[in-house]
Amino acid sequence: MSFLGLVLQAKTFAINMVNHLEVAQNLVRIGLIVYSSRPRIVFNFFEHETKPEVLNALRTAKKDGGTTDTASALDLAQHELFKTINGHR
């Protein structure tokens, strides 16, 4: 499968998951990190509070090129995304 095919498959998976969740400020919050050679936070837990907002953000998220650096993405999640200032409870 091509790189673009894998990206589409990952987006479809994420969209299908969100469709089964009750997304709301006091229920389920969603954040997104994309990662390749340099991971980055696309949106944190505060930025999108409704299911339609999260789904739109997932659909419009841009892919990054480069290698897959899972360790750096997990480090970014632990040290940046999962902070109270970014919506972590």
Side-chain angles (χ1 to χ4, degrees):
M1 180 176 288
S2 71
F3 177 74
L4 291 177
L6 291 172
V7 170
L8 180 59
Q9 187 177 34
K11 275 189 174 187
T12 300
F13 174 78
I15 289 167
N16 288 338
M17 273 190 67
V18 170
N19 275 321
H20 288 89
L21 299 172
E22 292 184 52
V23 179
Q25 185 177 12
N26 62 337
L27 296 172
V28 175
R29 295 181 185 179
I30 309 286
L32 176 65
I33 291 177
V34 296
Y35 61 99
S36 58
S37 299
R38 290 179 293 149
R40 65 182 170 87
I41 297 172
V42 177
F43 58 88
N44 64 37
F45 298 113
F46 277 139
E47 290 186 54
H48 304 293
E49 295 183 355
T50 67
K51 187 181 292 190
E53 289 176 358
V54 171
L55 291 171
N56 185 56
L58 287 172
R59 287 186 186 104
T60 59
K62 304 292 184 208
K63 65 175 180 58
D64 290 347
T67 61
T68 302
D69 188 353
T70 306
S72 291
L74 291 171
D75 188 62
L76 179 65
Q78 179 183 8
H79 293 101
E80 294 300 324
L81 186 63
F82 291 111
K83 286 184 172 180
T84 305
I85 195 168
N86 286 323
H88 178 64
R89 298 182 253 186

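Below, each value reflects all heavy atoms present in this structure, side chains not excepted, and no hydrogens, waters or symmetry copies. Predicted model, so just to flag it, every value in this text is computed and none were measured.
Counting non-hydrogen atoms of neighbouring residues, nucleotides and ligands closer than 6.0 angstrom, the CZ atom of R38 reaches no more than 12 such neighbours.
By the criterion of side-chain heavy atoms lying less than 4.5 angstrom apart, applied directly or through intervening Ile, Leu, Val, Met, Phe, Trp or Tyr residues, L74 is not grouped with I33; the two fall into different hydrophobic clusters. Cluster membership check: Y35 does not share its hydrophobic cluster with V42, using side-chain heavy-atom separations under 4.5 Å among Ile, Leu, Val, Met, Phe, Trp and Tyr.
Residues L81 and N44 form a side-chain contact, since some pair of their non-hydrogen atoms from C-beta on lies under 4.5 Å apart. Side-chain contact between I15 and R59: present, with at least one pair of heavy atoms (C-beta onward) separated by less than 4.5 Å. Using a 4.5 Å cut-off on side-chain heavy atoms (C-beta onward), E47 and V54 make no contact.
A donor-acceptor pair is defined here as one N or O able to donate and one able to accept, closer than 3.5 Å; such a pair exists between the side chain of E53 and the backbone of E49.
No option in T70, D69, T68 other than D69 meets the side chain to side chain contact (heavy atoms under 4.5 Å, CB included) test with S72.
Note that CG of L32 is 6.0 Å distant from CG of L58, once rounded to the nearest 0.5 Å.
Between F82 and F45, the ring-plane angle classifies as tilted under the 30° and 60° cut-offs.
Taking all atoms of both residues into account, the shortest heavy-atom contact from H48 to A57 is NE2-CB, 3.5 Å. Closest approach of V34 and K62 over heavy atoms only: CG1-O, 4.3 Å.
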Query raised in the report: Going through the checks in order, is the side chain to side chain contact (heavy atoms under 4.5 Å, CB included) test met by L21 and K51?
Result: CA-CA 8 Å; L21 299 172; K51 187 181 292 190; 5.5 Å; no
